[in-house]
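The structure appears below as C-alpha cells.
Please read these numbers as outputs of a predicted model, since none were measured by experiment. For the numbers below, each heavy atom of this structure counts, side chains included, while hydrogens, waters and symmetry mates do not. Just so you know, residue 1 is the first one in the sequence shown, and it goes up from there.
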Amino acid sequence: MGVLDYKELIIWQKSMDLVSEVYKLVKKLPREENYALSDQIRRSAVSIPSNIAEGNSRDSTKEYDYFLSVARGSIAELETQLFLTERIGYLESDDLKNAFDLITEIRKMLTKIKQNLRNKK
C-alpha cells in the first residue's frame, strides 16, 4: 500500500525542514530587505512543501506530477535567491550550507518521484 498522507512523505518532511532553515536565515538579512528579498525567499520556500502536499492529495498521477514540477521550480527560485544573498554579501556560504544541502537532497528526491510516476504511466 502506498503513502496515504502527505505528512508521511520524507520529501515533505525534508521540505518542512528547509522552510524552518530558511526562516532562520531570513532573520539574518538586513531590515531593509524585510518586504523585498526576505519575503520572496520565504514564499519560495513555503511553496515547496505546499505543492508536494497538494500534488499528493490530488486524484491523478498527472496532477501529482504537475505539482511536483511546480515544487521543483520553487526550489530553483529559492536556490537562486539564496545565491543572491551570498553574492551581495548578506549571508556567508557557511550560513547557507545546510539550506543548500537540503535543496540538493529534495531536488534529487523530486526527480526520483517524478521518474517513478512516469514509469507507472
Side-chain angles (χ1 to χ4, degrees):
M1 182 179 241
V3 175
L4 300 176
D5 189 324
Y6 66 88
K7 293 181 290 296
E8 296 176 40
L9 295 170
I10 293 171
I11 190 171
W12 181 83
Q13 295 166 10
K14 295 274 186 185
S15 297
M16 293 293 284
D17 293 343
L18 178 59
V19 173
S20 297
E21 181 66 23
V22 163
Y23 268 73
K24 291 175 195 170
L25 290 170
V26 164
K27 287 180 182 179
K28 296 179 178 185
L29 296 179
R31 198 168 196 83
E32 67 263 16
E33 289 296 342
N34 275 352
Y35 301 104
L37 187 57
S38 296
D39 189 45
Q40 188 63 39
I41 289 170
R42 285 189 298 264
R43 281 183 294 179
S44 297
V46 168
S47 176
I48 299 162
S50 299
N51 278 290
I52 291 167
E54 185 168 358
N56 182 259
S57 300
R58 294 294 179 130
D59 292 329
S60 74
T61 302
K62 184 177 179 180
E63 287 179 298
Y64 192 15
D65 186 59
Y66 168 78
F67 282 98
L68 293 177
S69 292
V70 173
R72 191 167 55 188
S74 294
I75 285 176
E77 183 179 7
L78 174 61
E79 185 177 45
T80 297
Q81 293 156 354
L82 293 177
F83 278 131
L84 182 59
T85 65
E86 183 180 20
R87 180 176 257 192
I88 58 182
Y90 288 161
L91 297 172
E92 300 291 325
S93 60
D94 287 347
D95 297 324
L96 297 164
K97 183 183 181 339
N98 192 37
F100 284 143
D101 288 348
L102 283 165
I103 286 169
T104 299
E105 187 175 6
I106 294 163
R107 182 183 289 121
K108 288 177 182 177
M109 293 171 86
L110 276 171
T111 299
K112 185 68 172 168
I113 293 170
K114 287 177 68 58
Q115 287 171 347
N116 289 342
L117 288 176
R118 290 190 178 129
N119 290 337
K120 285 183 179 180
K121 289 182 183 179

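Ile106 CD1 to Ser15 OG: the interatomic distance, rounded to the nearest 0.5 Å, is 4.0 Å. For the atom pair Phe100 CZ and Arg107 CZ, the distance stands at 10.0 Å (nearest 0.5 Å). To the nearest 0.5 Å, atoms CG (Asn34) and CZ (Arg42) are separated by 7.0 Å. From Leu91, atom CG reaches atom NZ of Lys97 across 15.5 Å, with rounding to the nearest 0.5 Å.
Side-chain contact between Ile52 and Ile113 is absent, with no heavy atoms from C-beta onward closer than 4.5 Å. Residues Leu68 and Leu117 have side chains in contact (heavy-atom distance under 4.5 Å, counting atoms from C-beta outward).
With Gln13 contributing its side chain and Lys7 its backbone, the two residues share a donor-acceptor pair below 3.5 Å.
Screening Leu82, Leu96, Asn98 against Ile103 for a side chain to side chain contact (heavy atoms under 4.5 Å, CB included) leaves a single residue, Leu82.
Atom CD of Glu92 has 12 or fewer neighbouring heavy atoms from other residues, nucleotides or ligands inside a 6.0 Å radius. Under a cut-off of 6.0 angstrom, the local environment of CD1 in Ile88 is crowded, with over 12 non-hydrogen atoms contributed by other residues, nucleotides or ligands.
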* Could you please spell out the steps behind the side-chain contact (heavy atoms from CB on, under 4.5 Å) verdict for Ile41 and Leu25? => CA-CA 10 Å; Ile41 289 170; Leu25 290 170; over 6 Å; no
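Residues meeting the salt bridge (charged side-chain N to carboxylate O under 4.0 Å, His left out) test with Arg43, sequence neighbours left out: Asp39. Remark: Glu21 pairs with no residue by the salt bridge (charged side-chain N to carboxylate O under 4.0 Å, His left out) rule, at least two apart or across chains. Residues passing the salt bridge (charged side-chain N to carboxylate O under 4.0 Å, His left out) test with Glu105, sequence neighbours excluded: Lys14. Residues that satisfy the side chain to side chain contact (heavy atoms under 4.5 Å, CB included) test with Ser60, not counting sequence neighbours, are Lys62, Glu63. In this structure Lys114 satisfies the salt bridge (charged side-chain N to carboxylate O under 4.0 Å, His left out) test together with Asp65, sequence neighbours excluded.
Residues Tyr6 and Ser57 come closest through the heavy atom pair CD2-OG, 3.8 Å. When every heavy atom of Tyr64 is checked against every heavy atom of Gly55, the shortest pair comes out as CD1-C, 3.2 Å. Of all the heavy atoms in Ala99 and Leu18, the pair that sits closest is O-CD1, 3.7 Å.
Side-chain N/O atoms of Asn51 and Ser47 include a donor and acceptor closer than 3.5 Å.
Both Leu9 and Met109 are members of a single hydrophobic cluster when ILVMFWY side chains are connected at heavy-atom separations under 4.5 Å. Connection of Leu102 to Tyr23 is not established within any shared hydrophobic cluster, with ILVMFWY side chains joined at heavy-atom distances below 4.5 Å, either directly or through further cluster members.
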Mind listing the side-chain donor-acceptor pairs of residues 26-33 below 3.5 Å, one per line with the distance, residues two or more places apart or on another chain?
| residue | atom | partner | partner atom | Å |
| --- | --- | --- | --- | --- |
| Lys28 | NZ | Asp95 | OD1 | 3.3 |
| Glu33 | OE1 | Leu37 | N | 3.2 |
| Glu33 | OE2 | Tyr90 | OH | 3.0 |

